[in-house]
Chemist: 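The structure follows.
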Amino acid sequence: MGRLFCVIPCYNEQEVLSETSSRIRAKLNELISKGKIDPDSRVVFVNDGSKDRTWEIITQLHRQDPIFQGINLSKNMGHQNALLAGLMTVKETCDVSISMDADLQDDINAIEEMIDKYNDGCDVVYGVRSRRTTDTFFKRATAEGFYKLMNSLGANTVYNHADYRLMSRRALLGLAEFGEVNLFLRGIVPMVGFKSDVVYYERAERFAGESKYPLKKMLSFAIEGITSLSTKPIKMITGLGIIMFFISIAVLVYSLVRYFTGNTVSGWTTTVISVWFIGGVIMVSLGVIGEYIGKIYLETKNRPRFIIESYLDDDH
Ligand code: UDP
Ligand code: MG
């Protein structure tokens, strides 16, 4: 029977927090009375620099019921960093953690099954969406395409798993060893290892408020995921370079033949086309390589991944 800490990043979530907290409270009570988790379990809300009343609500929840704790980040650091801040804060005190979204899209009834698998000896349990019928067609198509692309590029992620996940203390301590600034948690956790399993759940609709992941953020999240987990795009450029080399030999032979047969002027079209084509390929290639150099640049700076302004808990 372990001490469970639920970690919930919150960015402008004032509309959902009271509902989320009472539902989780009820769930934890149930699990405590069934003897599946320690009565000293906690729910940790990480306020990711919200501009609304999120932190006030968290403070209020903490005052009413010490099961709720809070971590206030000094500014908006993004979902992944907020989640990491929470997990790294609880890693010493908890026996097991579960990370989930604040908007109740992750079905909290799956917590029990996750805990059962943990009690059976799993260190990592991935929450996997069985159906995505509540997401819009567009979101579903882009998200599923993204998982497929990721895997085909060699980044090992669990299909249709976001960040709803159970991790034991030793899995968290393992995660803490990964010092990367370009953080893509769902790609790193499988690298931590340990016995893992999945739990299926139905993805619900956001309870209230709006998605904090507009298309632009989703795209940059996808590029982040691919470039921080896989070097295949660079290898593809090398392949492209080799193909271009053979094409250029063919063009060379072709133009020599044209030269000796006395038809040089008519080659203008091919010249122009190849100049633009090669120029385009080079620019795209530079862009991809630049993406990686940018990553190296950020990693060498070794900047903090999150900065905590204040805590609402028993230890600080
Ligand atoms: N989130 C965060 N910081 C951000 C953006 C989002 O902490 O900069 C949190 C947000 O409060 C929510 C979770 O990350 O708990 C997932 O965000 P959201 O539900 O908006 O994404 P979606 O489900 O639409 O992909
Ligand atoms: Mg959501």
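In this chain, residues are counted from 1 in sequence order. Start at 1 and go down the list; that is how both ligands and their atoms are numbered.
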Chemist: For atom 24 (O) of ligand 1, what is the nearest protein heavy atom, given as residue, atom name and distance?
Modeler: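 Atom 24 (O) of ligand 1 sits closest to the protein heavy atom Ser211 OG, 2.5 Å.
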
Chemist: Do Asp95 and Arg169 sit within salt-bridge range, that is, some charged N less than 4.0 Å from a carboxylate O?
Modeler: yes

Chemist: How far is atom 5 (C) of ligand 1 from its nearest protein heavy atom, and which residue and atom name does that atom have?
Modeler: Lys212 CB, 3.7 Å

Chemist: Determine how many protein N/O/S atoms sit closer than 2.8 Å to the Mg ion (ligand 2), leaving waters out since they are not shown.
Modeler: 2

Chemist: Which of the atoms of ligand 1 are close to Arg203, meaning less than 4.0 Å from one of its heavy atoms?
Modeler: 23 (O)

Chemist: Salt-bridged, Glu30 to Lys36, with N to O below 4.0 Å?
Modeler: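 A salt bridge is absent here (no side-chain N lies under 4.0 Å from a carboxylate O).
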
Chemist: Taking only heavy atoms of Pro9, which atoms of ligand 1 are found under 4.0 Å from at least one of them?
Modeler: 7 (O), 9 (C), 10 (C), 11 (O), 12 (C), 15 (O)

Chemist: To check your reading of the model: name the closest protein heavy atom to atom 18 (P) of ligand 1, its residue, and the distance in Å.
Modeler: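 Heavy-atom neighbour on the protein nearest atom 18 (P) of ligand 1: Arg206 NH2, 3.4 Å.
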
Chemist: For ligand 1, which is the ligand I care about here, please tell me if Ala82 has any N or O atom under 3.5 Å from one of the ligand's N or O atoms.
Modeler: no

Chemist: Which heavy atom of the protein is the closest neighbour of atom 14 (O) of ligand 1, given with residue, atom name and distance?
Modeler: His79 CD2, 3.2 Å

Chemist: Provide the number and element of each atom of ligand 1 under 4.0 Å from a heavy atom of Asp103.
Modeler: 19 (O), 23 (O)

Chemist: Considering only the protein, which heavy-atom contact is closest to atom 21 (O) of ligand 1, and what is its distance?
Modeler: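 Its nearest protein heavy-atom neighbour is Tyr213 CD1, 3.3 Å.
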
Chemist: Purely on distance, is any nitrogen or oxygen of Glu210 under 3.5 Å from one on ligand 1?
Modeler: no

Chemist: Is there a side-chain contact between Val16 and Glu13, using heavy atoms and a 4.5 Å cut-off?
Modeler: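 Answer yes - side chains close enough.
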
Chemist: If you have a sec, work out which protein heavy atom is nearest atom 25 (O) of ligand 1 and how many Å separate them, to one decimal?
Modeler: Lys139 NZ, 3.0 Å

Chemist: Aromatic contact between Phe221 and Phe184, with the criterion being ring centroids under 6.0 Å apart: yes or no?
Modeler: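 Yes: the rings meet the under 6.0 Å criterion.
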
Chemist: Ligand 1 versus Met77, non-hydrogen atoms closer than 4.0 Å: side chain, backbone, both, neither?
Modeler: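 Looking at Met77 and ligand 1, no heavy atom falls under 4.0 Å.
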
Chemist: Could you tell me, atom by atom, which parts of ligand 1 come under 4.0 Å of a heavy atom of Ala102?
Modeler: 15 (O)

Chemist: Between Glu299 and Lys295 (salt bridge meaning N to carboxylate O under 4.0 Å), is one present in this structure?
Modeler: no

Chemist: Would you name the heavy atoms of Ile108 and Tyr164 that are closest together and state the gap between them?
Modeler: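 Heavy atoms of Ile108 and Tyr164 come nearest at CA-OH, 3.7 Å.
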
Chemist: Please state which part of Asp48 comes within less than 4.0 Å of ligand 1, counting heavy atoms only: side chain, backbone, both or neither.
Modeler: side chain

Chemist: Quick check: does any side chain N or O of Ser22 sit under 3.5 Å from a backbone N or O of Glu19, one acting as donor and the other as acceptor?
Modeler: yes

Chemist: Using heavy atoms and a threshold below 4.0 Å, how should the contact between Val46 and ligand 1 be classified: side chain, backbone, both, or neither?
Modeler: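 None of Val46 does.
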
Chemist: Pick one of side chain, backbone, both or neither for how Met100 approaches ligand 1, counting any non-hydrogen atom pair under 4.0 Å.
Modeler: neither

Chemist: Decide if atom OH of Tyr159 counts as having more than 12 heavy atoms of other residues, nucleotides or ligands within a radius under 6.0 Å.
Modeler: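 Counting other residues, nucleotides and ligands, OH of Tyr159 exceeds 12 neighbours.
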
Chemist: Considering residues at least two apart in sequence or located in another chain, which fulfil the salt bridge (Lys or Arg N to Asp or Glu O under 4.0 Å) criterion with Asp38?
Modeler: none

Chemist: Taking all non-hydrogen atoms of both residues into account, name the closest pair between Leu73 and Ala85 and its distance.
Modeler: CD2-CB, 3.8 Å

Chemist: To check your reading of the model: name the closest protein heavy atom to atom 23 (O) of ligand 1, its residue, and the distance in Å.
Modeler: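 So the nearest neighbour among protein heavy atoms is Gln105 OE1, 2.7 Å.
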
Chemist: Check the surroundings of atom CD in Glu210: do more than 12 heavy atoms from other residues, nucleotides or ligands lie under 6.0 Å from it?
Modeler: no

Chemist: Over all heavy atoms of both residues, which pair between Gly2 and Ser41 is shortest? Give the atoms and the distance, please.
Modeler: O-OG, 4.1 Å

Chemist: Tell me which part of Gln80 gets within contact of ligand 1: side chain, backbone, both or neither, using heavy atoms under 4.0 Å.
Modeler: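 Within the 4.0 Å criterion, Gln80 makes no contact with ligand 1.
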
Chemist: Indicate yes or no: does Lys117 engage Asp197 in a salt bridge with an N to O separation below 4.0 Å.
Modeler: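 Salt bridge between Lys117 and Asp197, a charged N being under 4.0 Å from a carboxylate O: yes.
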
Chemist: Would you call Asp106-Arg203 a salt bridge at under 4.0 Å N-O?
Modeler: yes

Chemist: Which heavy atom of the protein is the closest neighbour of atom 1 (N) of ligand 1, given with residue, atom name and distance?
Modeler: Tyr11 CB, 3.7 Å

Chemist: Treating His161 as the side-chain partner and Gly127 as the backbone partner, does any N or O pair qualify as donor plus acceptor under 3.5 Å?
Modeler: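 Pair found, side chain donor or acceptor close to backbone of Gly127.
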
Chemist: Given 3.5 Å as the limit, does a donor-acceptor pair link the side chain of Ser99 with the main chain of Asp163, or not?
Modeler: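 Answer holds: yes.
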
Chemist: Provide the number and element of each atom of ligand 1 under 4.0 Å from a heavy atom of Glu13.
Modeler: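 Atoms satisfying the 4.0 Å criterion: 10 (C), 11 (O), 12 (C), 15 (O).
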
